[in-house]
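Just so it is clear: chains get the letters A, B, ... in the order the sequence lines come, proteins before strands, and each one is counted from 1. The basis for the numbers below is simple: all heavy atoms, side chains too, and nothing from hydrogens, waters or symmetry mates.
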Protein chains: 2
Amino acid sequence: MAATIYDVAKKAGVGIGTVSRAINNSPQINPSTKDRILGVARELNYQPHALAQSLARKKTFTIASVVPFFTNYFFIELLRSVQHALSRSNYDLILYSVDRMDRSDTTLERVLSERRSDGVLIISIGLNDAYAGKFIAANIPVVLIDHMHFQIDSIAIANREGAYSATEHLIALGHQRIGMIDGHLSSYPAILRLEGFKKAMLEHNLVFDDRHLIICDAQAGEHGFNEVAGYLAMKRLIAQNDILPTALFVASDVQALGVMRAAKEAGVRIPEDIALVGFDDIEFAKFVGLTTMRQPIAMMGQMAVERLLERIHGDQQGDFHHKLKAELIVRETCGSRKGFHVQAES
Amino acid sequence: MAATIYDVAKKAGVGIGTVSRAINNSPQINPSTKDRILGVARELNYQPHALAQSLARKKTFTIASVVPFFTNYFFIELLRSVQHALSRSNYDLILYSVDRMDRSDTTLERVLSERRSDGVLIISIGLNDAYAGKFIAANIPVVLIDHMHFQIDSIAIANREGAYSATEHLIALGHQRIGMIDGHLSSYPAILRLEGFKKAMLEHNLVFDDRHLIICDAQAGEHGFNEVAGYLAMKRLIAQNDILPTALFVASDVQALGVMRAAKEAGVRIPEDIALVGFDDIEFAKFVGLTTMRQPIAMMGQMAVERLLERIHGDQQGDFHHKLKAELIVRETCGSRKGFHVQAES
DNA sequence: CCAATTATTGGAAGCGCTTCCCGAATAGCC
DNA sequence: GGCTATTCGGGAAGCGCTTCCAATAATTGG
């Protein structure tokens, strides 16, 4: 069995309180006894038991992340950055997955009741007022990523503005007949991106054909933000239109990948026949040359962690609703209008 | 403050032991008092404190996973399946990331010392004898994924055989001048895949040109299993050879993606000029039509979790070194020899 | 040299639970 | 009815730690 604090105390001939002070380097201890105790501890290979510490301190040094597992590479890249940001602290990360968006409640309930964590990161999941209230009542700091709630800290992308920019890029390229493929409108970002798209069209006096808008089906609460949904949407677009749009704004990169696959199958060339702009800039967008709106994913993860940690430490008060701007990354799927917006890329 | 077991006991007019029996549905309790207590508990919105339970039970209902974060989509898909398999149990998942492969020790040390978990999943990381011994001594069940150790349960892919099959496929297609792009040989799978490749060449009496073998550089202990490494390798291959191989076996799909990008830039057509076989079958392989060796990633994750849980419950003894076979998935990067090996795909 | 501080230390109490031991209550049996 | 099994419930002990309080030892100033 592993050594406990009592073993160390006995062997060092001191009380357990003193050992505790030694290992937590409290100032209330004589440096020489401290050294001696640390020596004994090393000898015994003593390691404090994290759980016991948590119980006594009422602090777990763990943060929870609630993630829709794993429908979209966006989450993964976010998680990576969260983990990265966290690795500089000594907090552990515990993962709560929600497998169906429409059943996120049970997961949230679990996070709340287990009390394993000092703070929670909720990714791409809407928090209703009831749960927001519960977290506030339980005094557990929460940061929402890619979603909003008026009472809860959040960090999200400016979706409407991003969609606007994407569409505007297409318009600037001379396109007039522009379509859009969106996620299901049960998703908040999907709504906003559609709004941004429509706004851009309107402000540039372009009419937009309803048949050129395809909303992906939601499945298992997934909002259609996946490759297959994009593929299917593109097939539908091609099937139901005699004249295709000359340009397409797709609400996410994974969907755009599906669009490209369907286009290829149908002999529709990109960008020659249809120009394409995505959204997210997941890692693979670069590999396939997809023009897209870059979400600063890594930045979002890092900021969220920093904010959460601050909240945990009680440093910060006041609301925090950060909105990051998406940035247009021009690659090849809109034709070689390189230099239209110069971007440094590694 | 949240209700404790004492609050429930007092309000129900019983002892704490009885409350404990009620919520853990022990048989040693009168059903009627149990119901009454459960009623009170609900009223008070009582939730047992997971940490306190863990401490008292000496069981955490948590499993740890040690993951190289996140150099390769292989890990992510594995993690997804792990999480999925776990969601059917009531174990939580805590994530320990190792950011540099060559510094996995500190992470393992932490897993060991914190004792937050009942079992550990170690993904794609080599375990040396010292740490294997420590886990055994601490009596913590471990399952290794994508790696081996003679004393520790493991589940891995048959790398050598998979590489052999990939190469053989190319040979069967009539290729003679076959090259390979591999990860750095500090990686065990990289070694095995190279062996399988060479074996296939040898057994089919094909000579293989050393200049057609590119070993990616290892960076930050990353073994070169990433897109950029593949890209760079392909550039090198093209640069240092007057006559290129007609086919290429690439040790991982992410690298193959880089290879494709470099090929495109250099005007080398795939599959016309060079046929390509990858390894892993990550989700994106399908999107880009990459012929590859499928690792049953989801199966690996699931089996690993099942085995780990069995070990935790003490059901299983004896060694367990499972080797799964990789399966050839024919797509487009070797030319349209569709039907060569018919594969059902959704 | 003495009172007043101040620096250290020991260890009980407490974190919220499980579990074991023991007594009370009830049931079963002759 | 009396006696033994059985069932059920109470609560102390214990999981491994932190922290607070009181006690002791070392210093300081005069």
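Rounded to a whole Å, the CG atom of B/N24 is 17 Å from the P atom of C/dG16. Spacing between atom NE2 of A/H49 and atom C1' of C/dC15 amounts to 14 Å, rounded to whole angstrom units. In this structure, the CG atom of A/L51 is 12 Å from the C1' atom of C/dC17, given to the nearest Å. Separating the NZ atom of A/K10 from the C1' atom of C/dG11 is a distance of 15 Å, rounded to the nearest angstrom. Protein atom CD1 of A/I5 is 12 Å distant from nucleotide atom C1' of C/dG11, rounded to whole Å. With rounding to whole Å, A/I16 atom CD1 is found 8 Å from C/dA12 atom P. Look at OH on B/Y6: it is 13 Å from P on D/dG10, rounded to the nearest Å. Note: CD (B/Q53) to C1' (D/dC15) measures 13 Å, nearest angstrom.
Candidate nucleotides D/dC17, D/dG9, D/dC15 were compared by shortest atom distance to the side chain of B/N30, and D/dG9 ranks first. Taking the side chain of B/R21 as heavy atoms from C-beta on, and the options D/dG9, C/dT9, C/dT8, the nearest nucleotide is D/dG9.
OP1 or OP2 of D/dT19 has not a single side-chain nitrogen or oxygen of A/K58 nearer than 4.0 Å. Taking side-chain N and O atoms only, B/T33 has no distance below 4.0 Å to OP1 or OP2 of D/dC8.
Side-chain atoms of B/S32 and B/N30 form a donor-acceptor pair, as typed in the model, at a separation below 3.5 Å. Side-chain contact of B/N128 with B/H149: a donor-acceptor pair under 3.5 Å is absent, judged by distance alone.
Among the heavy atoms of the strands, none lies under 4.0 Å from A/S54. Using a 4.0 Å heavy-atom distance criterion, B/I29 is classed as a sugar-phosphate-only contact. As judged by a 4.0 angstrom heavy-atom cut-off over every strand, A/Q28 is placed among the base-contacting residues. In this structure, B/S20 reaches the bases: a heavy-atom distance under 4.0 Å links it to at least one base atom across the strands shown.
A donor N or O paired with an acceptor N or O is not found under 3.5 Å between the base of D/dG16 and the side-chain atoms of B/R115. For D/dG16, the base has no donor-acceptor partner in the side chain of A/R57 [N/O atoms by modelled type, under 3.5 angstrom].
Figure legend: cation-pi geometry between B/K10 and B/Y6 absent, as NZ or CZ is not positioned both under 6.0 Å from the six-membered ring centre and within 45° of its axis.
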Derivation and outcome, side chain to side chain donor-acceptor pair (under 3.5 Å), residues A/H223 and A/S186: CA-CA 7 Å; A/H223 305 318; A/S186 52; 3.1 Å; yes
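Summary of the strand contacts: B/G17 and B/L55 both lie near DNA chain D, and taking for each the nucleotide with the nearest heavy atom, the more 5' one is attributed to B/G17.
The number of heavy-atom neighbours closer than 6.0 Å to OH of B/Y188, taken from other residues, nucleotides and ligands shown, is 12 or below.
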